[in-house]
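See structure below.
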There are 2 protein chains.
Amino acid sequence: MATSRPTHSFKTPCEQCPLRPLPHFREFTGDELGFISKFKKGELAADAGATILVEGAHSAHLFTVLTGWGFRYKALEDGRRQILNYIMPGDLIGLQGTIMGEMQHSIEALSPVSLCVFERDKLMTLYNKHPSLAFDITWMAAQEERMLDEHLLSIGRRTALERAAYLIAFLYQRGKQLNLFNGHSAIPITQQHIADTLGLSIVHTNKTLKKLAARKLIRWQERACEVLDGETLAKIAGWDGLDDKVRPFL
Amino acid sequence: MATSRPTHSFKTPCEQCPLRPLPHFREFTGDELGFISKFKKGELAADAGATILVEGAHSAHLFTVLTGWGFRYKALEDGRRQILNYIMPGDLIGLQGTIMGEMQHSIEALSPVSLCVFERDKLMTLYNKHPSLAFDITWMAAQEERMLDEHLLSIGRRTALERAAYLIAFLYQRGKQLNLFNGHSAIPITQQHIADTLGLSIVHTNKTLKKLAARKLIRWQERACEVLDGETLAKIAGWDGLDDKVRPFL
DNA sequence: CGCTTAGTTGAGTTCGTTCAACGACTGTGG
DNA sequence: CCACAGTCGTTGAACGAACTCAACTAAGCG
């Protein structure tokens with residue numbers, strides 16, 4: 001399995017961050033931007049399939065996803081795996097490990113991923129000197145909590161078809177907010193990942209996805225899911241969708 | 001259904017908070033305590049069964065649970081309900097609503113509950129003047145995220161018996177940390193609540209609980225679950241248990 | 001060329017569901 | 001005081017959703 005590797009060669013200055021111009025993210029003051037720039041230590045690149053963070057590790061760092069898709073998961077001792085949520089550009093990862101000492105979940109890259117690395121030691125400085133950014137971190141933690149609430153509702157109470165529809169609609173909407181699709185709306189994921197997210201077996205996941213495909217809501221590609229009709233997917237799940245407010249990130 | 005009502009008659013001073021002496025909670029500086037005392041606006045009492053916060057409401061306040069048990073939940077349009085997590089003394093609630101405008105879940109009391117009410121408007125002051133408390137709020141959000149991760153793993157990947165064992169062991173450990181049991185370790189919950197937490201039907205939940213009772217791990221009471229052997233429950237679920245570090249609260 | 005990974009499909013089994021009925025207990029109104 | 005309804009827990013029977021097992025295609029790679 002491929003592992004992540006540091007990229008010393010290049011550090012995108014925060015002032016030229018490709019994410020900031022997106023309408024989805026809030027504007028920052030020069031002061032905030034200046035601090036974040038100093039807070040940022042470097043960049044890290046991970047290949048598709050690489051483990052970015054591993055459960056049990058005493059993570060030294062905090063990361064923001066710059067590009068790529070990944071997922072957080074936990075596993076039982078006998079290998080049963082549950083995907084908890086997906087990570088995309090702008091998402092903060094490693095907060096649990098930074099704040100509470102030890103990671104309780106692992107993170108793996110779905111596509112090639114690049115990350116901004118922040119210095120854990122400067123986190124207290126951030127809280128002391130930049131309360132607006134501290135508030136942003138809390139905002140992001142609350143947002144993550146909200147997504148987990150939705151996922152829990154989905155796994156606990158929706159049928160297999162509804163669950164699959166919800167998950168794909170969710171990933172589709174998130175991807176669209178971040179401008180991750182150019183024309184073809186393909187989510188880089190295998191059916192095994194979907195199964196591990198929905199709490200279903202691979203076989204049943206496959207049969208469920210076929211039903212969605214038969215309705216022309218999705219189309220399955222090499223190793224990706226193309227979304228043809230996100231609205232109907234959301235409707236099948238009885239899901240309201242994400243709110244479109246501008247959000248912070250580091 | 002009973003509703004919550006304000007208690008104007010009495011406001012416990014934070015300096016005499018019954019929770020602070022517990023070894024489970026971290027010590028606070030006089031400065032921090034002074035601010036929290038000013039931050040606290042009053043108290044609120046809710047009867048068992050009362051709805052404390054409702055999905056969709058623009059919550060004006062932030063609360064800390066002083067006494068009692070409750071739960072957070074979400075429901076689908078057709079009534080299917082999923083319990084997301086339980087609330088106990090020291091837990092902060094209403095953060096999502098305060099930070100992001102609108103509550104996305106409801107909260108209901110399991111037993112009579114009393115709450116400290118904080119002024120939402122002073123939250124920015126907290127972030128500006130008391131970074132250590134701001135950090136505490138982030139800590140609590142991250143902790144909630146961690147619990148949701150565990151629940152997700154449980155519902156997604158554990159069998160009915162393992163799920164039930166995990167849930168009861170979890171509630172038992174939390175209750176014990178907070179000194180909520182005096183001799184008899186009874187969790188004030190109905191089988192319907194357990195079913196709505198585990199994502200199972202009431203009938204199958206009942207049959208599953210009977211298996212645990214047959215093994216003398218639990219005993220079912222009037223409207224509560226008495227835990228006889230929390231260790232074995234955790235072992236059945238393959239669950240490591242909560243960490244016992246001291247934690248913050250407001 | 002064999003080897004691995006991802007996706008597909010059918011057959012039989014198991015786990016959890018729904019439907020239904022019943023006992024115990026509580027509170028309410030006549 | 002009793003009759004009645006409501007909640008909570010319990011149990012059996014029949015059904016269905018999702019699982020495991022197994023076999024097979026197609027694509028990618030050393």
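Letters go in sequence order (proteins before strands), and every chain restarts at 1.
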Between [X] ([atom1]) and [N] ([atom2]), how many Å, whole number?
{"X": "Ile194(B)", "N": "dT7(D)", "atom1": "CD1", "atom2": "P", "result": "19 Å"}
{"X": "Leu161(A)", "N": "dA17(D)", "atom1": "CG", "atom2": "P", "result": "12 Å"}
{"X": "Leu198(B)", "N": "dC15(C)", "atom1": "CG", "atom2": "P", "result": "17 Å"}
{"X": "Lys210(B)", "N": "dC15(C)", "atom1": "NZ", "atom2": "P", "result": "21 Å"}
{"X": "Asn206(B)", "N": "dT18(C)", "atom1": "CG", "atom2": "C1'", "result": "15 Å"}
{"X": "Leu209(A)", "N": "dT9(C)", "atom1": "CG", "atom2": "P", "result": "12 Å"}
{"X": "Lys211(A)", "N": "dA18(D)", "atom1": "NZ", "atom2": "C1'", "result": "10 Å"}
{"X": "Arg158(A)", "N": "dA18(D)", "atom1": "CZ", "atom2": "P", "result": "14 Å"}

Margin query: Within the 4.0 Å heavy-atom criterion, would you say Ile202(B) contacts the bases, only the backbone, or no part of the nucleic acid?
Written below: nothing
Of Thr190(B) and Arg157(B), the one whose closest nucleotide on DNA chain D sits nearer the 5' end is Thr190(B)
Quick note, ring pair (Phe, Tyr, Trp, His ring centres under 6.0 Å) partners involving residues 223-244 of chain B, not counting sequence neighbours, are Tyr166(B)-Trp239(B)
Residues 208-223 of chain B vs salt bridge (Lys or Arg N to Asp or Glu O under 4.0 Å), sequence neighbours excluded, gives Arg219(B)-Glu226(B)
Are Tyr86(A) and His193(A) an aromatic pair by the rule of ring centers under 6.0 Å?
no
Review point. Is the phosphate of dT8(C), meaning OP1 or OP2, less than 4.0 Å from a side-chain N or O of Gln191(A)?
Key: yes
Verify side chain to side chain contact (heavy atoms under 4.5 Å, CB included) between Ile168(A) and Gln173(A), making sure each step is shown before the conclusion.
CA-CA 9 Å; Ile168(A) 295 170; Gln173(A) 284 200 20; over 6 Å; no
By side chain to side chain donor-acceptor pair (under 3.5 Å), Gln191(B) pairs with (sequence neighbours left out) Asn206(B)
Contacts of Ser201(B) meeting side chain to side chain donor-acceptor pair (under 3.5 Å) (sequence neighbours excluded), chain-then-number -> none
Ranking dG9(D), dA18(D), dT9(C) by distance to the side chain of Leu200(A), first place goes to dA18(D)
Those residues at least two apart in sequence (or on a different chain) that pass salt bridge (Lys or Arg N to Asp or Glu O under 4.0 Å) with Asp149(B) are Arg72(A)
Per-nt protein contacts along nucleotides 20-30 of chain D (heavy atom under 4.0 Å; B base, S backbone sugar-phosphate only, - none) come out as BB---------
